[in-house]
**Student:** 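Supplied in structure tokens, the structure appears directly below.
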2 protein chains.
Amino acid sequence: MGRRPAFDRASIARATLELVSEGGPRAATIGAIAARLGAPTGSIYHRYPSRELLLAELWLSVVERFNVGFLAVLAGADAKEAGPAAARFWASWTREHPIEARVFLLHRHEDFVPGEWPDAVHERAQRALAAMADGLRAYTRRRFGGASAANLRRVRFAVIDVPQGTLKRYVQAAKPPPAQIDELIDTAVRAVLDAQERGLRRA
Amino acid sequence: MGRRPAFDRASIARATLELVSEGGPRAATIGAIAARLGAPTGSIYHRYPSRELLLAELWLSVVERFNVGFLAVLAGADAKEAGPAAARFWASWTREHPIEARVFLLHRHEDFVPGEWPDAVHERAQRALAAMADGLRAYTRRRFGGASAANLRRVRFAVIDVPQGTLKRYVQAAKPPPAQIDELIDTAVRAVLDAQERGLRRA
DNA sequence: GGCGAATTAGAATATGGGTTCTAGAACACG
DNA sequence: CGTGTTCTAGAACCCATATTCTAATTCGCC
């Protein structure tokens with residue numbers, strides 16, 4: 001009962017993803033999304049209540065998918081190896097998901113959702129944040145015995161800041177990161193995580 | 001001959017800097033800048049021909065000032081120490097210039113100047129880019145004897161990507177980075193720069 | 001085949017923000 | 001003190017974009 005839909009949520013989300021990847025969130029205007037689909041602007045609003053919510057869901061879905069893979073690696077059995085592996089995960093994820101990587105690594109959520117998160121996705125956003133925080137805390141405890149602020153900072157530095165800061169350059173240039181990058185990340189991360197133990201032993 | 005100016009370029013630039021620091025480039029609308037100065041919107045255009053050029057000059061002046069300090073440290077006499085020192089420079093600069101750091105670390109130039117640089121500042125932008133590239137190449141040669149692509153990547157990773165990726169977190173939170181951060185950066189950077197030599201010796 | 005819900009289609013509306021325009025004010029200089 | 005020039009002041013204009021509204025279309029179902 002009713003007309004067959006021509007533009008579903010998935011294709012709208014896909015077009016938005018591509019536009020953001022190519023030109024950032026500013027490029028994903030309702031008009032541009034509609035034009036890419038060959039749809040009239042009004043049709044977008046049959047699927048999404050507002051541009052803000054469309055962009056918020058896009059951002060969240062990319063972050064959630066990254067988190068799943070990343071946190072799985074970070075929870076790997078060997079605590080000594082899981083950290084470096086999680087850091088290297090950034091590079092492989094970037095190679096496998098170049099479009100999503102541009103969304104995730106080149107923009108902050110504020111560029112998508114200025115101010116507060118809309119109610120409709122607020123809880124989802126909190127969950128994503130909490131999942132990451134929990135994963136880091138769990139790994140820190142596993143690796144160092146306790147999750148002091150200093151230990152947490154060390155882990156965050158190693159498994160997030162270093163790889164993220166490094167890969168942005170290649171994602172920006174739309175080139176897959178060279179294999180050497182994985183080595184550099186690995187070297188830096190091991191040095192930082194092992195340094196804590198040397199420090200403890202010395203103390 | 002003529003009326004005494006009430007709003008000069010410096011105060012307009014300052015207001016713009018503050019607005020960008022607080023809310024990103026999007027917040028620096030002509031209206032907001034004028035409101036902060038208690039000026040009418042039209043007055044901005046007596047000093048700057050367009051918003052685009054105002055933002056472009058703001059970005060460039062911050063980058064140029066950072067570059068001067070950074071490249072001076074990177075050119076320090078002791079080649080072994082200059083790299084780690086340059087990496088740590090990011091942290092101290094961030095502590096000393098929190099406002100500018102938010103402009104420099106939280107946004108890319110595309111957020112200020114979408115597309116090509118305006119003619120009026122194009123050459124200045126090129127100069128800033130070239131200065132950084134030259135400094136990195138010179139250091140790479142000094143430290144490793146040659147500036148191969150791999151060596152250059154190693155240096156860029158150590159003295160730019162690692163510190164930049166790390167500090168963003170604290171700049172974003174508007175908190176001065178804790179002293180531990182300097183240690184983490186130092187450890188990671190030394191490990192990566194020294195690893196090249198170990199690799200060479202083995203070969 | 002006709003009814004009605006779901007949808008397309010795209011014009012109309014509203015708003016925000018950059019830029020320009022006109023009028024008036026202030027100050028240096030003769 | 002008048003005069004010209006440089007500026008303030010702020011309204012007016014214009015365009016891009018999000019959102020809404022109305023009409024037309026399609027298709028399952030009776």
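Residue numbering restarts at 1 for every chain, and letters A, B, ... go by the order of the sequence lines. Predicted model only: the values in this text are computed from it and were never measured.
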**Student:** Atom CG of B:L37 to atom P of D:dA9: distance rounded to whole Å?
**Tutor:** 11 Å
**Student:** Assign each of A:A32 and A:H46 to its nearest nucleotide of DNA chain D by heavy atoms, then name whichever residue's nucleotide is nearer the 5' end.
**Tutor:** A:A32
**Student:** Rounded to the nearest angstrom, tell me the gap between atom CZ in A:R9 and atom P in C:dT7.
**Tutor:** 12 Å
**Student:** With a 4.0 Å cut-off on heavy atoms, is A:R47 in touch with a base, just the backbone sugar-phosphate, or nothing at all?
**Tutor:** sugar-phosphate
**Student:** Considering only NZ, NE, NH1 and NH2 on the basic side and carboxylate oxygens on the acidic side, decide whether B:E81 and B:R190 come within less than 4.0 Å.
**Tutor:** yes
**Student:** Counting side-chain heavy atoms from CB outward, which of C:dG18, C:dT8, D:dG28 is closest to A:R4?
**Tutor:** D:dG28
**Student:** Rounded off to whole Å, could you give me the CG-to-C1' distance for the B:L54 and C:dT19 pair?
**Tutor:** 14 Å
**Student:** Pick base, sugar-phosphate or nothing for B:T41, based on heavy-atom distances below 4.0 Å to the nucleic acid.
**Tutor:** base
**Student:** Nearest whole Å is fine: how far is D:dG10 C1' from B:Y45 OH?
**Tutor:** 14 Å
**Student:** So, B:R143 and B:D194, do they make that salt bridge, N to O below 4.0 Å?
**Tutor:** yes
**Student:** What is the distance from CD1 of B:I12 to P of D:dC7, rounded to the nearest Å?
**Tutor:** 11 Å
**Student:** To the nearest Å, give me how far apart CD1 (A:I33) and C1' (D:dT17) are.
**Tutor:** 12 Å
**Student:** What distance separates B:L106 CG from B:D111 CG, expressed to the nearest 0.5 Å?
**Tutor:** 10.0 Å
**Student:** What is the distance, to the nearest angstrom, from the CZ atom on B:R3 to the P atom on C:dA28?
**Tutor:** 12 Å
**Student:** Is it true that, when you exclude B:D78 itself, more than 12 heavy atoms of the residues, nucleotides or ligands shown sit nearer than 6.0 Å to its CG?
**Tutor:** yes
**Student:** Using whole Å, what does the distance between atom P of nucleotide C:dA9 and atom CD1 of A:I44 come to?
**Tutor:** 11 Å
